[in-house]
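Some notes on the structure that comes next.
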Amino acid sequence: MSQLPFIAIDNCAWEFDGYNDKLEASGLTVLQLTVASATEDAAAASRQIQAAKEIVAADPKKLCVVGTVDEIRTAHEEGRVGIVFHFQNALPIGRDLSLVGRFHELGVRVVQITYNEVNDVGCGCLVADDTGLTAFGRELIAELNRTGILVDLTHVGARTSMEAMEASRAPVTFSHSNARALADNPRNISDEQIEACAALGGVIGACGWGPISWTGSDEPPSIETVADHVSYIADLVGPKHVGIATDGPISHNMANILAHFQEINAAYGSVTGAFVDKFGPNIKHRYPMPISAFPKLAEALRRRGWSEPDVAGALGGNMLDLYTRTWK
């Protein structure tokens, strides 16, 4: 299918090797692409950005790199998918704040400040004793705000995330997190975190990744489960504060995808263990909300009585507004 009639944004995706049937079916306008994962440094991030740009340049009729809201609107008008570069850890920046501006020049527009563990910024969500945002973390957030890069608090510890929101002069996002009240997983976030993000004017990206969307029932998660998370966040803080993330692969490269599964399962049993024990370690139930399912989620929300403006907001408009208020 062609693009959805509104601007649709996937807040987090990975394993990108070009336009394919998944993107065609999604109707997406924007893909927030992870170009630095949990353990990668500045050199690795720069290589991934360059590789993504080369993929885009090889297919200019279908793809483009976007770094402004005007460029996103143009991509939608032209029927292209715009790529936004996203870090899932601040490790590429290290302690060198000059790299913030450098990565902005390369197209990075969203930076997640920690992953699951401790770094120079603060604590991740799997750290038993979350000691909060560091002094350097406050400096980094100030520089991200100044430069016009959106602060992402996904994977961040509860105390660190609350202190980061207190420190930020701009709205923030939890780009791919679900409500812990529905799915009691350490990767998910509390009502307090959701409310603080909304109070700052931010957006919470309900996430279609199986282990953190699963609510503990005997049935695997589905599109309706993801819609439950979207609806919960909207009921708690209003529909303008919710977005969507698949946290899923775009490519069909099963060797890389399965290797990623094995790595995550081995490293983060507290996040994936119960899900894997229940449904197995394979891909079957891992992505109840793949990128191709954006139109299905829109229909699920409509069946629940959502208005068309609220559906359009949740699937992309709210993030577009957040970009407008944070990017430079």
Side-chain angles (χ1 to χ4, degrees), residues 10-15 32-34 36-40 86-89 91 112-119 123-130 152-158 160-161 174-190 193 204-230 232-233 244-291 293:
D10 186 344
N11 293 358
C12 181
W14 50 277
E15 191 60 33
Q32 197 163 283
L33 178 67
T34 296
S37 59
T39 61
E40 290 168 323
H86 172 218
F87 285 176
Q88 281 208 53
N89 203 336
L91 288 182
Q112 186 177 294
I113 63 171
T114 75
Y115 195 65
N116 294 328
E117 299 87 5
V118 175
N119 66 11
C123 294
C125 62
L126 301 188
V127 176
D129 181 18
D130 183 352
D152 185 356
L153 300 179
T154 307
H155 288 271
V156 178
T160 298
S161 73
F174 288 87
S175 66
H176 55 296
S177 298
N178 283 327
R180 197 157 185 176
L182 291 187
D184 188 13
N185 187 296
R187 255 282 283 113
N188 287 332
I189 57 177
S190 68
Q193 289 168 289
I204 300 93
C207 184
W209 188 48
I212 68 169
S213 60
W214 179 50
T215 58
S217 71
D218 288 336
E219 296 299 318
S222 66
I223 290 291
E224 292 298 329
T225 311
V226 178
D228 288 342
H229 284 283
V230 175
Y232 182 89
I233 295 166
I244 308 297
T246 62
D247 196 12
I250 308 153
S251 168
H252 289 286
N253 188 328
M254 289 306 300
N256 287 354
I257 294 167
L258 292 174
H260 174 76
F261 287 178
Q262 293 167 0
E263 178 184 354
I264 295 298
N265 289 346
Y268 302 116
S270 62
V271 175
T272 64
F275 183 86
V276 170
D277 289 346
K278 186 73 173 178
F279 302 114
N282 56 38
I283 194 172
K284 184 175 181 181
H285 301 300
R286 199 81 167 198
Y287 293 100
M289 172 70 195
I291 60 170

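All residue numbers in this chain count up from 1 along the given sequence.
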Please check: side-chain N/O of Gln262 versus main-chain N/O of Ala259, any donor-acceptor pairing under 3.5 Å? no
Shortest non-hydrogen pair, Tyr115 vs Ala38, comes out as CD2-CB, 3.3 Å
TODO: Give a yes-or-no answer on whether the side chains of Ser175 and Thr154 include a donor-acceptor pair shorter than 3.5 Å.
DONE: yes
Quiz item: Hey, does the side chain of Asn178 reach the backbone of Ala206 with a donor-acceptor pair shorter than 3.5 angstrom?
Solution: no
Heavy-atom closest pair (Pro221 atom, Pro288 atom, distance to 0.1 Å) is O-CB, 3.3 Å
OG1 of Thr39 to CG of Leu91, rounded to nearest 0.5 Å, is 7.5 Å
| Within a strict 4.5 Å, meaning less than it, do heavy atoms of the Ile244 and Asn11 side chains meet? | no
Is it the case that the side chain of Asn188 and the backbone of Arg180 share a donor-acceptor pair, with hydrogens and angles ignored and the cut-off at 3.5 Å? no
In Trp209, Phe279, Tyr287, the residue satisfying ring pair (Phe, Tyr, Trp, His ring centres under 6.0 Å) with Trp214 is Phe279
| field | Within-4.5 Å side-chain heavy-atom neighbours: Ile223 and Met289 | value | yes
Applying salt bridge (Lys or Arg N to Asp or Glu O under 4.0 Å) to Asp129 and not counting sequence neighbours gives none
Applying side-chain contact (heavy atoms from CB on, under 4.5 Å) to Ala181 and not counting sequence neighbours gives Asp191, Tyr232
* Residues Asn119 and Thr114: side-chain donor-acceptor under 3.5 angstrom -> no
Original post:
Does Leu33 reach the side chain of Ile250, with side-chain heavy atoms less than 4.5 Å apart?
Top reply: yes
The salt bridge (Lys or Arg N to Asp or Glu O under 4.0 Å) partners of Asp130 (sequence neighbours excluded) come to none
Would you say His176 and Gln88 make side-chain contact, with heavy atoms under 4.5 Å? yes
**Asked** Do the side chains of Thr34 and Gln112 get nearer than 4.5 Å, heavy atoms only?
**Response** no
* Keeping the roles fixed (side chain from Asn185, backbone from Pro211), state whether a donor-acceptor pair exists under 3.5 Å. => yes
Sorted by chain and number, sequence neighbours left out, side-chain contact (heavy atoms from CB on, under 4.5 Å) with Asn116 holds for Cys125, Leu126, His155, Arg187, Tyr268
* **Aromatic ring proximity, centroids under 6.0 angstrom, Trp14 and His260** => yes
**Asked** What's the verdict on side chain to side chain contact (heavy atoms under 4.5 Å, CB included) for Phe275 and His285, showing C-alpha distance, side-chain angles and the deciding distance?
**Response** CA-CA 9 Å; Phe275 183 86; His285 301 300; 4.0 Å; yes
What one should report as the nearest heavy-atom pair of Ala183 and His229 is CB-CE1, 3.8 Å
Those residues at least two apart in sequence (or on a different chain) that pass side-chain contact (heavy atoms from CB on, under 4.5 Å) with Asn256 are Glu15, Asn253
Residues passing the side-chain contact (heavy atoms from CB on, under 4.5 Å) test with Pro281, sequence neighbours excluded, are Asn265, Val276
Any donor-acceptor pair under 3.5 Å linking the side chain of Thr160 with the backbone of Cys123? yes
Rounded to the nearest 0.5 angstrom, the CZ-OG distance for Arg286 and Ser213 is 11.0 Å
Apply side chain to side chain contact (heavy atoms under 4.5 Å, CB included) to Thr215 and Asp228, showing your working. CA-CA 10 Å; Thr215 58; Asp228 288 342; 5.8 Å; no
State, with a plain yes or no, whether a side-chain heavy atom of Gln193 is found less than 4.5 Å away from one of Ser161. yes
In short, Cys207 meets Val226 closest at the heavy-atom pair O-CG2, 4.4 Å
Note: Ala13 and Asp10 closest approach over all heavy atoms is CB-OD2, 3.9 Å
Criterion side chain to side chain contact (heavy atoms under 4.5 Å, CB included) on Glu219 and Thr225, from CA distance to verdict = CA-CA 10 Å; Glu219 296 299 318; Thr225 311; over 6 Å; no
